[in-house]
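Take a look at the structure set out below.
Below, each value reflects all heavy atoms present in this structure, side chains not excepted, and no hydrogens, waters or symmetry copies. Convention: sequence-line order gives letters A, B, ...; per-chain numbering from 1.
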Amino acid sequence: MTTANIPLPSYTPRDFASDQDVRWCPGCGDYAVLTGVRKALAGLGIPREKFVFISGIGCAARFPYYMNTYGLHTIHGRAPAVATGVKLANPDLHVFIVSGDGDLLSIGGNHTIHAIRRNVDMTIILLNNRIYGLTKGQYSPTSEVGKVTKSTPMGSLDFPMNPLAVAAAAGCQFIARTLDVDVKMLETLIARAVAHKGTSIIEVYQDCNIFNHGSFFYASQKETREANTVTLEHGKPLIFGPDRDRGIRIKGGTLTSARLGDGVDESDLLVHDETDPNLAFLLTQMAHPALPEPMGVLFARPGAATYDELVFSQIAQAKMKSACKGDTLEHLLHGDETWVVE
Amino acid sequence: MSQTMTGTGAKPAMPVGAVVIRFAGDSGDGMQFAGGEFASTSAIVGNDIATFPDFPAEIRAPRGTTFGVSGFQLQFSSTDIHTPGDMVNVLLAMNPAALKVNLHDVEEGGIIIADSDEFTPVNLGKCGYPAGYNPLADETLNAKYQIFRVPMSRLTREALAGINIGTKDMDRCRNMFALGIAYWLYQRPIDTTLERFDAYYGGSKKRPEVAAANAMVLKAGYYFGETAELFPTRYEVAPAPTRPGTYRRISGNHAIVLALATVAAKANKDVVFAGYPITPASEILHGLARLKHLGVRTFQAEDEIAAMCAAIGASYAGQLGVTATSGPGLALKSEGLGLAVIYELPLLVFDVQRAGPSTGMPTKTEQADLLQALFGRPGECPCIVVAPATPSDCFDMTIEAARLAIRHMTPVIVLSDGYIANGAEPWKIPSLESIAEIPVSHPGPEARVNGVYQPYARDERTLARPWALPGTPGLEHRIGSLEKQHLTGNVSYDPANHEAMVKLRQEKIDRAAATIPPLEVRGPESGDVLILGWGSTFGAIATAGDRLREAGLSVSTAHLRYLNPMPSNLEQVLRRFGKVVIPENNLGQLRLIIRSRFLIDARGINHVRGRSFRVDSIVNEVREMMDTKG
């Protein structure tokens with residue numbers, strides 16, 4: 001479909017609000033994400049009907065109902081598989097997957113990994129609140145060890161999954177993270193993720209104020225954020241702290257935190273190169289309290305072929321070859337060996 | 001080589017009506033190839049054929065063991081036939097294990113041609129014969145069967161003496177020696193097979209020496225039959241009278257592949273096939289993967305669930321989503337099927353059934369997924385279910401399934417099974433013009449009423465909802481797995497709405513009965529007994545019915561190709577007969593439905609032996625039922 005000569009649509013965030021009442025709990029971090037996504041989409045200049053929001057099951061998975069775009073609320077864990085089918089059928093659509101940590105990492109972990117490794121051109125927004133909310137408070141695959149929940153009265157035993165490290169291992173070419181409270185950063189990340197060809201993942205630290213309130217307060221609050229997160233900028237040194245007097249250095253392949261001054265200056269600090277996959281993996285390993293947790297684009301490397309492109313390039317090749325050979329449906333039905341009965 | 005080898009034999013040829021031949025050997029012995037060649041050649045000379053490949057799940061079980069035996073059975077006939085036959089007339093046994101496994105299927109007085117070189121003490125021991133015993137020398141067996149001992153291994157090597165290929169390649173030609181004998185015995189021309197060697201080994205494989213070796217051994221086997229004075233008679237099976245036209249041989253799985261490409265053309269949509277490898281359905285994925293030039297896109301998913309869900313996504317986005325699997329995979333797809341039912345999207349799911357439960361016997365056939373297909377989902381979750389009756393019927397029913405899915409906006413399950421998937425028969429190739437277009441429509445922006453689009457507004461006649469595609473300006477809407485409000489599709493927990501929607505979804509499927517053909521009866525329209533079947537038992541049931549009628553009994557047969565909804569005249573048909581008998585390759589699943597729906601005391605003939613029904617077992621059991629007058 002050509003859009004040449006048609007003026008780019010101009011939208012406001014309201015244009016992306018469906019007529020449905022939003023039913024998340026008051027104070028839920030999902031509200032801010034919804035606002036950020038609507039704002040971001042309004043600024044992209046892409047026709048509204050081109051967007052498809054796809055989710056699995058869970059609180060976060062109600063997201064598509066609240067977007068005035070095309071939307072599919074699917075079944076538990078399967079959004080990446082449905083999304084892959086959508087892109088195979090119509091690669092022109094802009095597909096978003098919005099779902100939670102239980103959905104995309106536990107029951108749907110398999111599909112998330114495989115969608116990423118195929119590099120299907122779509123954006124995953126992972127709303128990570130480290131808890132099962134809709135089923136009323138069981139620990140999730142990102143919950144910290146020892147978490148006391150309804151299903152783990154003596155504390156959870158399993159080690160949490162690091163979603164961005166998994167994404168990196170699966171070959172994801174666009175990896176980012178932000179906080180539910182940082183709508184501005186989310187907008188920027190979405191614009192970049194949509195521009196990126198291939199699977200992009202944005203992890204959002206999201207507060208479940210009912211079952212896991214304050215889980216990310218070490219990173220999201222005014223008084224904690226500067227000390228416990230570091231905002232990444234391509235080509236800039238990693239500096240953080242309330243007084244911007246701390247930085248990250250790399251020594252022997254290990255990241256350490258250092259105070260500026262006392263013989264350490266900016267030139268000693270690690271400079272962010274968002275195209276470096278090895279660095280990307282190291283960044284995914286930065287964890288509170290040992291190190292500040294990185295926010296922004298951890299890794300973005302354009303150029304890898306997407307699954308959808310490759311599929312359609314094979315189809316084009318096959319069509320060209322068959323046109324030369326004159327292979328038609330008629331030929332197919334006949335096969336190599338026929339006989340005639342008079 | 002003479003192009004007219006048939007008829008050159010000095011021996012008289014005895015005319016016979018139909019012959020069942022089985023090639024049996026190790027899974028690496030090339031029995032499927034030899035059997036397939038015999039089938040092709042027989043079809044080309046005008047016989048009706050029906051084939052039954054029977055192979056183990058193990059790719060290469062240890063050589064010489066009974067569990068590694070692979071067989072290919074074929075019936076070829078001068079009349080119309082519907083099954084690969086009950087009892088084997090001719091068994092070609094390439095080793096002791098093949099003889100041991102297949103002996104009980106050979107008719108008394110039947111021919112056994114064995115590779116005597118393979119009947120060594122070691123090989124006899126491998127398949128559990130006691131030390132010192134050789135069945136080929138057993139007097140009882142020799143009295144019961146016509147056993148021919150042919151040193152095929154030695155003769156194959158001798159035929160290839162001086163040829164520059166390895167011993168391994170030489171031994172691989174043994175199957176062609178056996179095929180050569182069979183060709184001679186039944187006066188078949190060997191040209192088609194010779195041409196295949198050239199095309200395959202001489203062409204893409206770039207091994208002309210192997211083509212030459214196979215050709216030499218095939219001829220050696222043929223000449224052996226002619227010169228060895230071993231066989232007293234040759235046989236002749238005349239061509240079967242059949243409708244004029246161009247024919248080919250086709251298996252059920254292959255028919256599905258061809259039909260899906262035809263669907264793409266007739267619906268003017270691409271088929272997006274998402275699959276996951278599973279026996280015996282994988283060939284559908286393999287076949288379609290080669291049809292990218294004909295509007296077929298294939299996707300090998302990470303699992304059965306993903307395959308199902310990708311097919312749903314594809315249908316949502318405007319192509320026709322299709323997936324294929326077997327019973328265990330259908331179980332995994334159940335939740336996705338439910339999603340497709342509540343989305344009300346067109347979709348095809350092929351279940352090539354195999355023996356269960358669980359992994360069961362992957363290469364063996366069964367019909368035990370009927371209830372799973374009809375009911376195996378959470379909630380009230382109806383969809384259309386159809387079942388092809390024969391390999392070639394897979395073509396027609398696939399196209400029919402696509403037509404129903406699109407017209408009624410519903411997933412359709414097609415129940416094939418291992419028997420018709422792998423079995424083959426002659427197929428009169430249809431002209432493309434004779435196949436009707438599959439109408440498809442998608443609403444445009446004008447579908448909004450007072451500025452609002454209603455994704456669950458329904459067609460008055462069919463109750464199908466519109467198939468609105470993402471990308472259409474103005475029709476932005478959300479659909480989900482939660483219960484939806486009538487018309488708007490918004491989430492709704494309203495009790496009355498839920499009940500209305502459950503009934504609407506059921507009613508929509510029920511109404512599809514208006515467009516499916518009535519059930520046809522083979523034989524008189526009323527009488528003492530109706531043998532009712534579904535799926536791959538068609539051949540055995542139809543043949544059994546014909547035989548019972550020939551014997552003067554009041555028996556008719558009918559076959560259900562539509563299992564949900566069923567043909568609207570079904571009850572009328574059933575009530576015209578004194579007794580209804582339902583043979584099934586399960587413990588009575590269709591019978592359960594018929595009894596509960598119509599309160600008719602249907603009797604079952606139920607076998608679950610991992611193989612197709614035998615005609616004689618139906619004939620005998622129906623006779624018994626008629627005798628006891630129960």
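- Of the listed residues (A:I75, A:I315, A:V340), the greatest number of heavy-atom pairs within a distance under 4.5 Å of chain B belongs to A:I75.
- Ring geometry for B:Y247 against A:W339 counts as parallel: the plane angle stays under 30°, on a 0 to 90° scale with 60° as the upper cut.
- No side-chain heavy atom of B:F299 sits less than 4.5 Å from a side-chain heavy atom of A:V311.
- The backbone N or O of B:T472 lies less than 3.5 Å from a partner atom in the side chain of A:Y70, making a donor-acceptor pair.
- Ranked by heavy-atom pairs under 4.5 Å with chain B, the first of A:N90, A:N68, A:I57, A:D336 is A:N68.
- With chain B as the partner, the residue from A:E342, A:R48, A:H94, A:E330 showing the most heavy-atom pairs under 4.5 Å is A:R48.
- Counting heavy-atom pairs closer than 4.5 Å to chain B, the top-ranked of the candidates A:A323, A:S55, A:A83, A:S322 is A:S322.
- Within the 4.5 angstrom heavy-atom criterion, atoms from both the backbone and the side chain of B:A261 approach chain A.
- Side chain of A:T338 to backbone of B:R248: no donor-acceptor contact under 3.5 angstrom is found.
- Contacts with chain B were tallied for A:Q314, A:K319, A:R118, A:K321; A:R118 has the most, counting heavy-atom pairs under 4.5 Å.
- Interatomic distance, CG of A:L333 versus CD1 of B:I435, reported as 6.5 Å (0.5 Å rounding).
- Of the atoms belonging to A:L332, heavy atoms from both backbone and side chain fall under 4.5 Å from chain B.
- Using a 4.5 Å cut-off between heavy atoms, B:T262 contacts chain A through both its backbone and its side chain.
- Only the side chain of B:L291 comes within less than 4.5 Å of a heavy atom of chain A; its backbone N, CA, C and O stay farther away.
- By number of non-hydrogen pairs under 4.5 angstrom with chain A, the leading residue of B:L294, B:V296, B:V272 is B:L294.
- Neither the backbone nor the side chain of A:M320 comes within contact range of chain B; no heavy atom of the residue lies under 4.5 Å from a heavy atom of that chain.
- Within the 4.5 angstrom heavy-atom criterion, only side-chain atoms of B:L339, from C-beta onward, approach chain A.
- For chain B, the nearby part of A:V52 is the side chain; its heavy atoms alone come within less than 4.5 Å.
- Between B:S481 and A:T74, the shortest heavy-atom contact is OG-O, 2.6 Å.
- In this structure, A:H111 and B:I305 have side chains that are in contact, with non-hydrogen atoms separated by less than 4.5 Å.
- Top candidate by heavy-atom pairs under 4.5 Å with chain A, chosen from B:E302, B:H254, B:R243, is B:E302.
- Within a 6.0 Å sphere centred on OH of B:Y200, other residues, nucleotides and ligands contribute 12 heavy atoms or fewer.
- A donor-acceptor contact shorter than 3.5 Å links the side chain of B:R297 to the backbone of A:A89.
- Of all the listed residues (A:Y307, A:F51, A:F53), the one sharing the greatest number of non-hydrogen pairs under 4.5 Å with chain B is A:Y307.
- Counting non-hydrogen atoms of neighbouring residues, nucleotides and ligands closer than 6.0 angstrom, the CG atom of B:N268 reaches no more than 12 such neighbours.
- For chain A, no part of B:I250 is nearby; none of its heavy atoms comes within less than 4.5 Å.
- A distance-only check finds a donor-acceptor pair linking the side chain of B:R478 to the backbone of A:T69 [under 3.5 Å].
- With rounding to the nearest 0.5 Å, the separation of CD in A:E49 from CG in B:L469 is 12.5 Å.
- Neither the backbone nor the side chain of B:A255 comes within less than 4.5 Å of any heavy atom of chain A.
- Of the atoms belonging to B:I429, it is side-chain heavy atoms, and not backbone ones, that fall under 4.5 Å from chain A.
- From B:K266, atom NZ reaches atom CG of A:L329 across 8.5 Å, with rounding to the nearest 0.5 Å.
- You'll find the side chain of B:L482 reaches within 4.5 Å of the side chain of A:R62, heavy atoms only.
- Using a 4.5 Å cut-off between heavy atoms, B:Y316 contacts chain A through its side chain alone, with no backbone atom that close.
- Residue B:I44 touches chain A through both its backbone and its side chain, counting heavy-atom pairs closer than 4.5 Å.
- Atom-to-atom distance recorded for A:H76:NE2 and B:E335:CD is 9.0 Å, nearest 0.5 angstrom.
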